[in-house]
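Reviewing the structure listed below.
If you're wondering where the values come from, they're calculated on a predicted model, not measured in any experiment.
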Amino acid sequence: MAVTILKGTIVSAPTLGQVDIVEHGYLVAEDGVITGVFSSLPERYASADVEDWGEALILQSFADLHLHAPQYPMLGTGMDLPLLDWLNTYTFPLEARFADTDYAREVYRALAKELISLGTTRVCMFSSLHTDATLILMEELEKAGVTGYVGKVNMDRNAAPGVLEETTEESISETLRWLEACGDFKYIKPMLTPRFIPSCTDEVMAFLGKLAAERGLPIQSHLSENDKEIEWVRELHPDCTQYWETYAKFGLWNDRTVMAHCVWSDERERAAMRDAGVTVVHCADSNVNVCSGTAPIRTMLNEGLKVALGSDIAGGDHLNMFDVVTSSIRASKIRYMEGGKQTPFLTVPEGWYLATSAGAAFFGETPGFAPGNPLHAIVLADDALPPLPAVSRFERCIYRRQKNAVRAVWSAGRKVYAAE
């Protein structure tokens with residue numbers, strides 16, 4: 001039996017809004033699975049090696065439940081257009097480059113390494129429509145130590161003719177080819193990924209719904225992100241009164257479904273998500289950058305929806321989930337100010353919970369550093385910053401970090417990163 005013992009200031013989020021801090025504590029895992037957090041080391045581990053990180057913070061690692069891998073090269077650029085124009089002008093031409101597998105390898109290797117160095121160990125990620133590039137992405141993520149799901153994008157209409165497109169037949173056959181090649185991956189699994197309703201014909205959507213049911217596959221897509229997008233969906237599916245129904249009628253609406261954005265989801269659509277167990281992924285940065293709006297996250301939480309966070313690169317301009325937490329808090333403050341201060345904004349502990357425990361729940365984990373969870377952890381140093389009490393140090397680490405703050409990262413029980 002392999003025992004991992006990390007000593008430091010242990011910080012975890014067991015419930016929304018609560019942060020547990022154990023100073024000079026011990027986080028213990030056996031064969032990569034957490035057995036507990038202890039204020040003093042149990043006698044049964046007396047002979048085991050301890051990684052003593054001194055005063056450093058030992059935090060849960062991040063779960064990023066919505067990001068577009070092929071958009072990584074354009075991170076921080078092209079923010080001058082609203083969503084649909086942004087896709088056609090910047091995104092689709094870039095994604096077309098991933099037909100080149102050498103280019104895909106270069107980009108995806110860099111992305112995977114950066115994710116781990118920032119403490120993101122779980123993902124739900126979009127690839128492009130290219131099967132071979134998607135397999136390369138999965139391979140590079142697995143090599144780097146990232147866990148989670150990746151999807152080959154389906155888009156057989158309203159794409160970029162001559163630039164980025166696939167026929168209905170190709171969309172179906174390439175999806176099957178991709179799934180057949182996914183069997184060797186241990187930590188990265190396939191996720192069905194219709195890009196969004198305007199990009200997929202009814203035939204492809206029906207195929208994906210049947211596939212999801214037959215193989216028990218999870219689903220990811222976009223929902224009610226932008227007002228013009230919503231109008232377009234109504235035109236394409238006049239039989240559906242709301243956007244969510246276009247997924248539900250094809251069997252793509254259940255507790256294994258992840259829907260990004262949901263900026264304009266009204267009470268009825270939110271109830272449909274809650275009742276089906278759909279996970280909402282809040283992407284505060286991109287919602288502002290591409291002029292979509294600010295999602296009603298406090299209302300969703302009050303109504304009992306499952307909510308997690310996503311960087312949504314490259315509509316979002318931050319891959320670092322520390323920054324995504326702060327963006328989510330700021331977006332909630334915008335709604336607070338615009339709404340007559342009727343709905344409280346997110347607190348730092350709440351934002352942290354959404355970026356860690358809430359996202360990890362999609363992978364079957366219990367909130368916090370709970371016994372039985374695989375070990376996913378970050379060691380964060382702040383010794384170059386002015387000293388503060390532990391609670392204040394935790395809040396500060398969300399907004400401010402010293403150079404090379406992330407010292408080590410564990411993913412699914414494995415130490416996958418150590419700073420030089």
So which of Leu217, Val258, Val150 actually passes side chain to side chain contact (heavy atoms under 4.5 Å, CB included) with Met191?
-> Val258
Exactly one candidate in Leu57, Ile378, Val37, Asp20 meets side chain to side chain contact (heavy atoms under 4.5 Å, CB included) with Val11; the answer is Leu57
First locate atom [atom1] of [X], then atom [atom2] of [Y], and finally report the distance between them rounded to the nearest 0.5 Å.
X      : Y      : atom1 : atom2 : answer
Ile313 : His66  : CD1   : NE2   : 10.0 Å
Leu83  : Asn88  : CG    : CG    : 9.5 Å
Thr175 : Glu170 : OG1   : CD    : 11.0 Å
Arg270 : Asn302 : CZ    : CG    : 10.0 Å
Phe98  : Ile136 : CZ    : CD1   : 10.0 Å
Met321 : Thr121 : CE    : OG1   : 10.5 Å

Run the numbers on Glu350 and Arg298 for salt bridge (charged side-chain N to carboxylate O under 4.0 Å, His left out), then give the verdict.
-> CA-CA 10 Å; Glu350 288 174 327; Arg298 173 64 67 190; 2.6 Å; yes
Do [X] and [Y] make a side-chain contact, defined as non-hydrogen atoms from C-beta onward lying under 4.5 Å apart?
X      : Y      : result
Leu223 : His261 : no
Phe250 : Lys210 : no
Leu301 : Leu354 : yes
Leu6   : Trp410 : yes
Phe62  : Phe322 : yes
Phe362 : Leu65  : yes
Leu211 : Leu192 : yes
Met205 : Ile197 : yes

Hey, is CG on Asp184 packed in by over 12 heavy atoms from elsewhere, all under 6.0 Å?
->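 No, CG of Asp184 has 12 or fewer neighbouring heavy atoms, counting only those of other groups under 6.0 Å.
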Are there more than 12 heavy atoms of other residues, nucleotides or ligands under 6.0 Å from atom NZ of Lys333?
-> yes
Looking at Leu346 and Ser328, what are the two nearest heavy atoms and their distance?
->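 Looking at all heavy atoms of both residues, the closest pair is CD1-O, 3.9 Å.
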Determine the minimum heavy-atom distance between Ala181 and Leu135, stating which atoms define it.
-> CB-CD1, 3.6 Å
[X] and [Y]: side-chain donor and acceptor closer than 3.5 Å?
X      : Y      : result
Asp80  : Tyr90  : yes
Thr101 : Asp132 : no
Thr35  : Glu30  : no
Asp64  : Thr120 : no
Thr15  : Tyr353 : no

Please find out if less than 6.0 Å separates the ring center of [X] from that of [Y].
X      : Y      : answer
Phe126 : His222 : yes
Tyr72  : Tyr108 : no
Trp352 : Phe394 : yes

Under the 3.5 angstrom rule, does the side chain of Asn287 hit a backbone N or O of Cys283 as a donor-acceptor pair?
->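 Here the side-chain-to-backbone pair exists.
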Backbone N or O of Ser292 within a donor-acceptor pair of the Asn226 side chain at under 3.5 Å?
->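 Between the backbone of Ser292 and the side chain of Asn226 there is no qualifying donor-acceptor contact (under 3.5 Å).
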Step-by-step side chain to side chain donor-acceptor pair (under 3.5 Å) determination, Glu203 to Thr168 | CA-CA 7 Å; Glu203 186 175 350; Thr168 300; 4.8 Å; no
With the threshold set at 4.0 Å, does a side-chain nitrogen-carboxylate oxygen contact exist between [X] and [Y]?
X      : Y      : result
Arg234 : Glu231 : no
Glu140 : Lys113 : no
Asp255 : Lys306 : no
Arg393 : Glu23  : no
Glu166 : Lys152 : yes
Glu365 : Arg122 : yes
Arg396 : Asp382 : yes

Verdict with supporting geometry, Leu27 and Ile34, side-chain contact (heavy atoms from CB on, under 4.5 Å) = CA-CA 8 Å; Leu27 173 60; Ile34 295 171; 4.2 Å; yes
Go through the steps for Arg177 and Glu180 under the test salt bridge (charged side-chain N to carboxylate O under 4.0 Å, His left out), then give the verdict.
-> CA-CA 5 Å; Arg177 182 168 78 87; Glu180 290 305 310; over 6 Å; no
Go through Arg256 and Tyr149 one step at a time and tell me if the side chain to side chain donor-acceptor pair (under 3.5 Å) criterion holds.
-> CA-CA 12 Å; Arg256 298 298 290 151; Tyr149 295 104; 2.6 Å; yes
Can Arg105 and Glu139 be said to form a salt bridge (charged side-chain N to carboxylate O under 4.0 Å, His left out), step by step?
-> CA-CA 9 Å; Arg105 178 77 65 186; Glu139 181 182 334; 3.2 Å; yes
Derivation and outcome, side-chain contact (heavy atoms from CB on, under 4.5 Å), residues Thr9 and Val22 = CA-CA 6 Å; Thr9 299; Val22 181; over 6 Å; no
Starting from the C-alpha separation in whole Å, work towards a yes-or-no answer on side-chain contact (heavy atoms from CB on, under 4.5 Å) for Leu137 and Arg109.
-> CA-CA 8 Å; Leu137 172 60; Arg109 181 170 295 166; over 6 Å; no
Quiz item: cation-pi between Arg414 and Tyr187, 6.0 Å / 45° = yes
Could you check Lys189 against Cys182 for side-chain contact (heavy atoms from CB on, under 4.5 Å), going step by step and ending with a plain yes or no?
-> CA-CA 7 Å; Lys189 300 300 181 181; Cys182 288; over 6 Å; no
In sequence, state the C-alpha distance, the side-chain angles, and the governing distance for Arg195 and Asp156, and then conclude on salt bridge (charged side-chain N to carboxylate O under 4.0 Å, His left out).
-> CA-CA 10 Å; Arg195 186 181 201 112; Asp156 67 325; over 6 Å; no
Yes or no on side chain to side chain donor-acceptor pair (under 3.5 Å) for Thr241 and Glu245, after CA distance, side-chain angles and deciding distance?
-> CA-CA 7 Å; Thr241 58; Glu245 293 171 328; 3.0 Å; yes
Report the C-alpha separation of Gln242 and Asp266 in whole Å, then their side-chain angles, then the decisive distance to 0.1 Å, and conclude whether the side chain to side chain donor-acceptor pair (under 3.5 Å) test is met.
-> CA-CA 9 Å; Gln242 289 197 305; Asp266 64 9; 2.8 Å; yes
